[in-house]
Amino acid sequence: MFDLKLHYIAAWVRDRGFASVALQLPEGLKLRATEIIDFLSRDTEAHYVMLGDPCYGACDLFTHYKDIADALVHFGHSPIPSQGDDPDVLYIEAVMELDIGDKLRAVIPELGDRIGILATVQYLSCIPQACDILREAGKEAHVGKGDDRIMYAGQVLGCNCTSAYAVSDDVDEFLYIGEGDFHPLAAAFGVGKPIKVFNPVTGELRSVDDLRDRILRRRFAAIVGGQEARSFLVIVCSKVGQNRNALADELIEKIHAAGRIAYKVYLNELSPQNLIHYRVDAYVCTACPRIAMDDAVRYDRPMLTPPELEVALGLREWDDYVFDQIVP
């Protein structure tokens, strides 16, 4: 069970004297929203309101919370340092404390000799133990510090794998501690080295390399579609951690210079329904890079990342294909 630090939140609300507090939770924690409010309402005199829109990360921080409350509690993600610090926003990272010793020792024979360690914020506490166990087994364990979008050493986001870049030259493969494919795929796309996913709850060890290769084949097909496009819709997202408006303007200049047509659209939530009415041949997404990487099949036209647009326009070689990242 993830630790939501409800006593700590209550003390923070009381000490700061907030009369009203907004709660922002990712989809996986919304099942506990009413439980959270019931607890905090008993322990404080503040009023609470839940934010019902989807929340995908700290990049999705609800910056207009002052319109409805005095403070905001954001669950499930760490702060993004480059976004600045708001004293009226509290991040609850929902950490899970686990002893992974026996499970990790069981899969050591399947690991290489020089290993980079990565994790989501929920399982960062497992990294020191993982390093100790790997080193006891005679292996090298490396943990990198990412750029100013990354809060902790070894942390990987779906849009930023600079913690992996930091140690890529020192390792032969990466061990990602966590669940699912979303975060390890960011590293798999970015560093071009084998990624093994270690589930700290079940002890399962698996590779995401085949999935990465399947997605990359789809990306190359999208680029071919972009090569044939005459008109592009360049998408800008209003979310605080996904807004790359300046980049969008640069891309529009490149499209025009290539003798093609470009339009810009500014929106908060990307969906096929929001884009289907625009009469263009292809989309270019400057919002979350994973929309193009993971959700492209949902869209009726090619959805390109900025580096993929450069390939489609002949400004970047195919061999120089790179994963799009949001950086500070």
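Everything numeric in this text was worked out from a predicted model, so none of it was measured.
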Trainee: Among residues at least two apart in sequence or on other chains, which ones pass side chain to side chain donor-acceptor pair (under 3.5 Å) with Lys5?
Mentor: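 Residues passing side chain to side chain donor-acceptor pair (under 3.5 Å) with Lys5: none at all.
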Trainee: If you group Ile, Leu, Val, Met, Phe, Trp and Tyr whenever their side-chain heavy atoms sit less than 4.5 Å apart, what else falls in with Ile150?
Mentor: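 Cluster partners of Ile150: Leu157.
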Trainee: Measuring from atom OG1 of Thr34 to atom CZ of Arg32, what distance do you get when rounded to the nearest 0.5 angstrom?
Mentor: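 It is 10.5 Å, given to the nearest 0.5 Å.
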Trainee: So if you build clusters from Ile, Leu, Val, Met, Phe, Trp, Tyr with side-chain heavy-atom gaps below 4.5 Å, do Ile235 and Ile252 land together?
Mentor: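 Per the 4.5 Å side-chain linkage, Ile235 and Ile252 are not co-clustered.
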Trainee: Flag the pair Arg244 and Asp324 as a salt bridge only when some basic side-chain nitrogen lies within less than 4.0 angstrom of an acidic carboxylate oxygen.
Mentor: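 Salt bridge present between Arg244 and Asp324.
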Trainee: Verify the distance criterion only: is there a donor paired with an acceptor across the side chains of Gln155 and Ser78 at less than 3.5 Å?
Mentor: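 Present: a donor and an acceptor within the cut-off.
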Trainee: Closest heavy-atom contact between Ala10 and Leu40?
Mentor: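 Where Ala10 meets Leu40 most closely, the heavy atoms are N-CD2, 3.8 Å.
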Trainee: In chain order, what residues pass the salt bridge (charged side-chain N to carboxylate O under 4.0 Å, His left out) check against Arg301, with sequence neighbours excluded?
Mentor: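 With neighbours one apart ignored, the set is empty.
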Trainee: Sequence neighbours excluded and cut-off under 3.5 Å, please list the side-chain donor-acceptor pairs for residues 176-187, or say none.
Mentor:
from: Glu179; atom 1: OE1; to: Tyr123; atom 2: OH; distance (Å): 2.5
from: Asp181; atom 1: OD1; to: Arg206; atom 2: NH1; distance (Å): 2.7
from: Asp181; atom 1: OD1; to: Arg206; atom 2: NH2; distance (Å): 3.0

Trainee: Shortest non-hydrogen contact from Asn274 to Tyr278?
Mentor: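 Closest approach of Asn274 to Tyr278, heavy atoms only: O-CE1, 3.3 Å.
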Trainee: Carefully, step by step, assess Glu45 and Arg14 under the rule salt bridge (charged side-chain N to carboxylate O under 4.0 Å, His left out).
Mentor: CA-CA 8 Å; Glu45 296 181 357; Arg14 290 194 303 268; over 6 Å; no
Trainee: How would you list, by chain and number, every residue that makes a side chain to side chain donor-acceptor pair (under 3.5 Å) with Tyr299, sequence neighbours excluded?
Mentor: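 Side chain to side chain donor-acceptor pair (under 3.5 Å) check on Tyr299 returns nothing, list empty.
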Trainee: So do the side chains of Phe75 and Ile9 get within less than 4.5 Å of each other, counting heavy atoms only?
Mentor: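 The answer is yes; the side chains approach within 4.5 Å.
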Trainee: Any chain of hydrophobic side-chain contacts (each under 4.5 Å) joining Ile92 to Ile37?
Mentor: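 Cluster IDs for Ile92 and Ile37 match.
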Trainee: Would you kindly confirm whether Leu111 and Val197 end up in one hydrophobic cluster when ILVMFWY residues are joined by side chain heavy atoms under 4.5 Å apart?
Mentor: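 Looking at the clustering, Val197 is in a separate group from Leu111.
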Trainee: Below 4.5 Å, heavy atoms only, C-beta onward: do Val234 and Ile255 meet side chain to side chain?
Mentor: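 Sidechains of Ile255 and Val234: in contact.
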Trainee: How long is the gap from CD on Glu250 to CG on Asn245, to the nearest 0.5 Å?
Mentor: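 These two atoms lie 10.5 Å from each other.
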Trainee: Just do the side-chain contact (heavy atoms from CB on, under 4.5 Å) check on Val121 and Met151 with the steps written out, would you?
Mentor: CA-CA 9 Å; Val121 67; Met151 186 73 178; over 6 Å; no
Trainee: Taking all non-hydrogen atoms of both residues into account, name the closest pair between Leu124 and Gly154 and its distance.
Mentor: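 Here Leu124 and Gly154 meet closest at CD2-C, 4.1 Å.
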Trainee: Measure the NZ-CD1 distance between Lys139 and Ile133 for me, rounded to the nearest 0.5 Å.
Mentor: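 One finds 13.0 Å between NZ of Lys139 and CD1 of Ile133.
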Trainee: If a pair satisfies ring pair (Phe, Tyr, Trp, His ring centres under 6.0 Å) and one of its residues is in residues 241-262, list it, with sequence neighbours excluded.
Mentor: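 Counting only pairs at least two positions apart or across chains, no ring pair (Phe, Tyr, Trp, His ring centres under 6.0 Å) contact touches residues 241-262.
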Trainee: Residues two or more places apart in sequence or in another chain: which of them pass ring-ring contact (aromatic ring centres under 6.0 Å, His included) with Phe323?
Mentor: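 ring-ring contact (aromatic ring centres under 6.0 Å, His included) check on Phe323 returns Phe189.
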Trainee: Verify side-chain contact (heavy atoms from CB on, under 4.5 Å) between Ile36 and Leu29, making sure each step is shown before the conclusion.
Mentor: CA-CA 10 Å; Ile36 292 168; Leu29 289 178; 6.0 Å; no
Trainee: Under 3.5 Å, which donor-acceptor pairs link side chains of residues 209-226 to any protein atom two or more places apart or in another chain?
Mentor:
from: Asp209; atom 1: OD1; to: Ile195; atom 2: N; distance (Å): 3.4
from: Asp209; atom 1: OD2; to: Ser207; atom 2: OG; distance (Å): 3.3
from: Arg219; atom 1: NE; to: Glu308; atom 2: OE2; distance (Å): 3.0
from: Arg219; atom 1: NH1; to: Ala292; atom 2: O; distance (Å): 3.0
from: Arg219; atom 1: NH2; to: Met303; atom 2: O; distance (Å): 2.5
from: Arg219; atom 1: NH2; to: Glu308; atom 2: OE1; distance (Å): 2.7

Trainee: Report the residues that fulfil side chain to side chain donor-acceptor pair (under 3.5 Å) with Asp320, sequence neighbours left out, ordered by chain and then residue number.
Mentor: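 If we apply the side chain to side chain donor-acceptor pair (under 3.5 Å) test to Asp320, skipping adjacent residues, the hits are Arg316.
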Trainee: Would you say the side-chain atoms of Asp70 pair up with the backbone N or O of Ala19, donor to acceptor, closer than 3.5 Å?
Mentor: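 Flag set: sc Asp70 to bb Ala19 pair under 3.5 Å.
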Trainee: Is any side-chain N of the basic residue among Arg230 and Asp281 closer than 4.0 Å to the acidic one's carboxylate O?
Mentor: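 Result for this pair is no, no salt bridge flagged.
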Trainee: For the side chain of Glu173 and the backbone of Lys196, is there at least one donor-acceptor N/O pair under 3.5 Å apart?
Mentor: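 Absent.
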Trainee: Distance alone, cut at 3.5 Å: any donor-acceptor contact between the side chains of Tyr56 and Gln242?
Mentor: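 Gln242 and Tyr56 do not have a side-chain donor-acceptor pair below 3.5 Å.
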Trainee: Might you work through the side-chain contact (heavy atoms from CB on, under 4.5 Å) test for Val327 and Asn160, ending with a clear yes or no?
Mentor: CA-CA 7 Å; Val327 296; Asn160 186 301; 4.3 Å; yes
Trainee: Indicate the atoms forming the closest heavy-atom contact of Glu317 with Val311, along with that distance.
Mentor: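 The pair with the smallest heavy-atom distance is O-CG2, 4.1 Å.
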Trainee: How many angstroms lie between CG in Leu247 and OG1 in Thr286, if you round to the nearest 0.5 Å?
Mentor: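 Between atom CG of Leu247 and atom OG1 of Thr286 there are 6.0 Å.
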Trainee: Do Leu4 and Phe39 have side chains that approach each other closer than 4.5 Å (heavy atoms only, starting at C-beta)?
Mentor: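 No - every pair of side-chain heavy atoms lies 4.5 Å or more apart.
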Trainee: Is there a chain of hydrophobic side chains (I, L, V, M, F, W, Y, each step under 4.5 Å between heavy atoms) that links Ile326 to Leu309?
Mentor: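 In one cluster: no.
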Trainee: Within the 4.5 Å heavy-atom criterion, are Leu175 and Leu205 side-chain neighbours or not?
Mentor: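 A side-chain contact under 4.5 Å exists here.
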Trainee: Do Leu313 and Arg260 have side chains that get closer than 4.5 Å, going by heavy atoms?
Mentor: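 They are in contact (side-chain heavy atoms under 4.5 Å apart), so the answer is yes.
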Trainee: Charged N to carboxylate O below 4.0 Å: is that the case for Asp88 and Lys66?
Mentor: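 Salt bridge between Asp88 and Lys66, a charged N being under 4.0 Å from a carboxylate O: yes.
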Trainee: Distance from His74 atom NE2 to Gln24 atom CD, nearest 0.5 Å?
Mentor: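 Rounded to the nearest 0.5 Å, the NE2-CD separation comes to 5.0 Å.
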Trainee: Does any non-hydrogen side-chain atom of Val156 lie less than 4.5 Å from one of Ser163?
Mentor: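 They are not in contact (no side-chain heavy atoms under 4.5 Å apart), so the answer is no.
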Trainee: What residues, two or more places apart in sequence or in another chain, satisfy side chain to side chain donor-acceptor pair (under 3.5 Å) together with Tyr266?
Mentor: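 Partners of Tyr266 by the side chain to side chain donor-acceptor pair (under 3.5 Å) criterion, ordered by chain and then number, come out as Asn243.
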Trainee: Is there a side-chain contact between Leu275 and Leu267, using heavy atoms and a 4.5 Å cut-off?
Mentor: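 When only atoms from C-beta onward are counted, Leu267 and Leu275 do touch, with a gap below 4.5 Å.
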Trainee: Mind checking side-chain contact (heavy atoms from CB on, under 4.5 Å) for Pro328 and listing every partner two or more places apart, or none if nothing turns up?
Mentor: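 Partners of Pro328 under the side-chain contact (heavy atoms from CB on, under 4.5 Å) test: Ser82, Asp147, Asp148, Arg149.
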Trainee: In Å and rounded to the nearest 0.5 Å, what is the CZ to CG distance from Arg290 to Asp295?
Mentor: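 Going from the CZ atom of Arg290 to the CG atom of Asp295 covers 9.0 Å.
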Trainee: Just wondering, more than 12 heavy atoms not from Glu27 lying within 6.0 Å of its CD?
Mentor: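 Count over threshold, so yes.
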Trainee: Could you check whether any side-chain N or O of Lys193 sits under 3.5 Å from a backbone N or O of Ser168, counting only pairs where one atom can act as donor and the other as acceptor?
Mentor: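 Yes; judged by distance alone, with no hydrogens or angles, the pair exists.
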Trainee: Mind checking whether Ile261 and Val265 sit in one hydrophobic cluster, side chains of I, L, V, M, F, W, Y counted as touching below 4.5 Å?
Mentor: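 In one cluster with Ile261: Val265, yes.
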Trainee: Going by heavy atoms in the side chains, are Val191 and Tyr165 under 4.5 Å from each other?
Mentor: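 Side chain of Val191 against side chain of Tyr165, heavy atoms only: contact under 4.5 Å found.
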Trainee: Please write out which residues are connected to Leu51 in a hydrophobic cluster, directly or through intermediates, given that two of Ile, Leu, Val, Met, Phe, Trp, Tyr count as joined at side-chain heavy-atom separations below 4.5 angstrom.
Mentor: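 Its cluster mates, by chain and number, are Val49, Leu61, Phe62, Tyr65, Ile68, Leu72, Val89, Tyr91, Val240.
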Trainee: Apply side-chain contact (heavy atoms from CB on, under 4.5 Å) to the pair Glu140 and Asp113, showing each step before the final yes or no.
Mentor: CA-CA 6 Å; Glu140 294 183 21; Asp113 293 326; over 6 Å; no
Trainee: Kindly give the heavy-atom pair with the smallest separation between Cys59 and Ile80, and that separation in Å.
Mentor: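 Looks like N-CD1, 3.6 Å.
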Trainee: Please find the pair of heavy atoms, one from Gly203 and one from Val107, that lie closest to each other, and give the distance.
Mentor: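 Distance-wise, the nearest heavy atoms are O-CG1, 3.8 Å.
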